[in-house]
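Reviewing the structure listed below.
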Amino acid sequence: MRKTSWCAAVLSGLVLAGASAAAAAEDATRPRIYTNETFVEDATRATSVPTADLMATFALVFGGLADSVKVYPTENYYYFSFYHNSTRYAGNFRLDASDRDDGKLHFAYYEDLAEWKEQSPVQYQRLDRSNGVTVEKIERLVYRVSYGEKSVIFRLNDLSGVKPPPAVMGPDEKYIGPVFDESAIRFFLIFNKRLKLFHYVLDETISVADQFLRAQQTSRIVIGKRTGFAFYQDYRLKRKILIGVFEGNARVNNYFDGPFDQLPDNFIEGEDLREAILAVEPSLAGKIDRVGSAPDGSGRYLIGPYRYYRTEEDLRAFHECATSRRRADEGYYSCFVHKDEEAAPEPAPVQARPARKTSRTSK
């Protein structure tokens with residue numbers, strides 16, 4: 001009887017384990033539901049948030065995090081938002097590659113932006129033990145942040161093994177590193193050594209978190225239904241090059257403002273990025289570090305070769321240029337770098353990082 005009962009228990013356990021696994025698999029494919037009810041209740045609640053007190057706001061937001069979080073963007077920003085008395089606030093924690101191993105954590109928040117109103121001041125501070133905040137390195141890309149009785153494990157996105165397939169790279173190109181944008185789109189940052197220009201190439205080695213619509217003017221241009229990112233399907237290589245970011249997203253600095261602010265900081269090898277930047281802008285020699293930042297943190301070189309567009313017509317010039325040069329023209333890949341200074345918007349500097357500067361615009 002004992003043997004029979006033991007077998008029955010084992011079989012019962014196996015059935016339950018199978019049912020649990022099936023339920024977990026079903027949960028993984030089931031969409032998360034967002035309701036207007038939740039939005040209305042958040043927007044209309046009377047809340048008590050001391051937004052003028054940075055450390056009190058830090059304690060509130062940090063205290064609301066899970067014990068372990070995943071930081072997807074490659075410049076190591078962990079973004080958040082909340083409503084306070086009908087106003088939406090946005091912000092971020094950042095474990096900057098330059099100083100996280102020295103125990104530093106960057107924290108910023110601000111009233112969310114909109115095109116119809118002026119930007120409110122950004123609250124920002126670099127925190128460390130002097131503020132009661134400790135940052136401990138557990139593994140190469142895993143950190144424990146503690147404040148008071150609360151500790152949170154921040155797991156940075158490990159893309160160490162991500163490389164573009166050989167068929168995606170041209171003979172004049174150098175791979176700088178992988179970019180995971182906050183839009184959930186992944187890119188390869190590539191530098192053309194002969195033409196001295198950068199491209200963001202869509203990483204299609206994984207499932208792309210978007211669906212694409214063909215532009216009316218040509219099937220070579222496709223635009224993301226979710227992100228608004230516009231890509232050109234290369235004539236010479238089997239790849240899509242980012243050529244456009246919707247201007248409205250850039251102006252309010254939302255998740256779809258383009259990958260310029262998510263460079264592959266954790267994965268840049270040696271002097272690769274600095275050498276590429278200096279090939280484009282030799283005047284910066286001695287003025288930037290290996291990731292393109294000024295030594296005093298006052299600025300960072302902006303890599304934004306795409307156009308900020310409002311309509312598909314704004315993208316026509318890319319196709320006209322590529323069509324005319326697609327065969328033997330050595331300047332073909334320069335077709336995918338936008339140089340019209342008048343078209344670039346002035347995105348608001350809301351992420352409390354050093355400004356990124358080029359001769360065209362600054363953020």
Side-chain angles (χ1 to χ4, degrees), residues 50-81 89-110 121-160 177 179-182 253 260-271 273-274 287-302 349-357 363:
T51 53
D53 184 332
L54 183 139
M55 288 309 300
T57 303
F58 173 83
L60 183 144
V61 179
F62 185 74
L65 299 183
D67 291 341
S68 178
V69 299
K70 178 68 175 284
V71 183
Y72 284 99
T74 42
E75 279 198 27
N76 311 300
Y77 289 94
Y78 190 75
Y79 295 102
F80 62 83
S81 64
Y89 284 77
N92 58 78
F93 301 90
R94 187 187 186 198
L95 287 161
D96 192 317
S98 68
D99 59 11
R100 64 188 180 222
D101 288 353
D102 297 325
K104 310 296 184 183
L105 176 71
H106 299 252
F107 177 67
Y109 61 98
Y110 46 88
V122 176
Q123 301 286 339
Y124 162 77
Q125 191 167 338
R126 184 169 63 172
L127 306 174
D128 56 22
R129 287 185 180 274
S130 67
N131 308 104
V133 176
T134 60
V135 179
E136 304 168 82
K137 184 176 182 178
I138 300 175
E139 299 175 19
R140 176 174 172 260
L141 294 174
V142 181
Y143 290 80
R144 179 186 293 110
V145 178
S146 302
Y147 182 68
E149 299 299 317
K150 173 83 172 183
S151 290
V152 176
I153 301 297
F154 285 77
R155 300 183 183 277
L156 308 185
N157 201 354
D158 189 355
L159 303 180
S160 304
V179 168
F180 196 108
D181 188 50
E182 69 264 41
N253 211 322
F260 76 97
D261 56 355
Q262 300 302 343
L263 297 187
D265 287 359
N266 301 330
F267 314 106
I268 296 170
E269 296 186 7
E271 296 293 317
L273 182 57
R274 174 158 45 190
K287 300 177 182 178
I288 58 172
D289 62 18
R290 59 179 295 274
V291 296
S293 295
D296 63 358
S298 61
R300 184 168 185 179
Y301 185 81
L302 187 152
V350 300
Q351 292 186 326
R353 63 166 71 80
R356 294 161 180 268
K357 299 179 181 179
K363 182 169 180 178

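We use all heavy atoms of the structure for the numbers below, so side chains are in, but hydrogens, waters and symmetry mates are not.
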Spatial distance of atom [atom1] ([X]) from atom [atom2] ([Y]) [nearest 0.5 Å]:
| X | Y | atom1 | atom2 | value |
| --- | --- | --- | --- | --- |
| S68 | F154 | OG | CZ | 9.5 Å |
| T134 | D128 | OG1 | CG | 10.5 Å |
| L105 | Q125 | CG | CD | 10.5 Å |
| K137 | D101 | NZ | CG | 4.5 Å |

Using a 6.0 Å cut-off, check whether atom [atom1] of [X] has over 12 heavy atoms from anything other than its own residue.
| X | atom1 | result |
| --- | --- | --- |
| E269 | CD | no |
| R129 | CZ | no |
| Y89 | OH | yes |

(request) Could you tell me if the ring centre of F58 sits under 6.0 Å from that of F93? (result)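 Yes: the rings meet the under 6.0 Å criterion.
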(message) For F107 together with Y109, are the ring centres under 6.0 Å from each other?
(response)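 For Y109 and F107, the ring centres are under 6.0 Å apart.
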If you define the side chain from C-beta out and look only at heavy atoms, does anything of [X] sit under 4.5 Å from [Y]?
| X | Y | result |
| --- | --- | --- |
| H106 | Y124 | yes |
| L263 | V291 | no |
| Y78 | L95 | no |
| I153 | V142 | yes |
| L141 | R155 | no |
| Y147 | M55 | yes |
| I288 | R274 | yes |
| N157 | F267 | no |

Shortest non-hydrogen contact between [X] and [Y], atoms and distance:
| X | Y | answer |
| --- | --- | --- |
| A97 | N76 | N-ND2, 4.2 Å |
| F80 | N92 | CE2-N, 3.3 Å |
| T57 | T51 | OG1-CA, 3.5 Å |
| F62 | V145 | CZ-O, 3.3 Å |
| A66 | V152 | O-CG1, 3.4 Å |
| V122 | A108 | CG1-CB, 4.4 Å |

Any donor-acceptor N/O pair, [X] side chain to [Y] backbone, under 3.5 Å:
| X | Y | answer |
| --- | --- | --- |
| S151 | S146 | no |
| K150 | L65 | yes |
| R290 | L273 | no |
| N131 | V133 | no |

(message) Determine whether E182 and Y79 satisfy the following criterion, side-chain contact (heavy atoms from CB on, under 4.5 Å), listing intermediate values before the conclusion.
(response) CA-CA 9 Å; E182 69 264 41; Y79 295 102; 3.8 Å; yes
(message) Apply side-chain contact (heavy atoms from CB on, under 4.5 Å) to residues K104 and S98 and explain how you reach the verdict.
(response) CA-CA 9 Å; K104 310 296 184 183; S98 68; over 6 Å; no
[X] with [Y]: basic N within carboxylate O range, under 4.0 Å:
| X | Y | answer |
| --- | --- | --- |
| R94 | D96 | yes |
| D99 | R126 | yes |
| R100 | D265 | no |

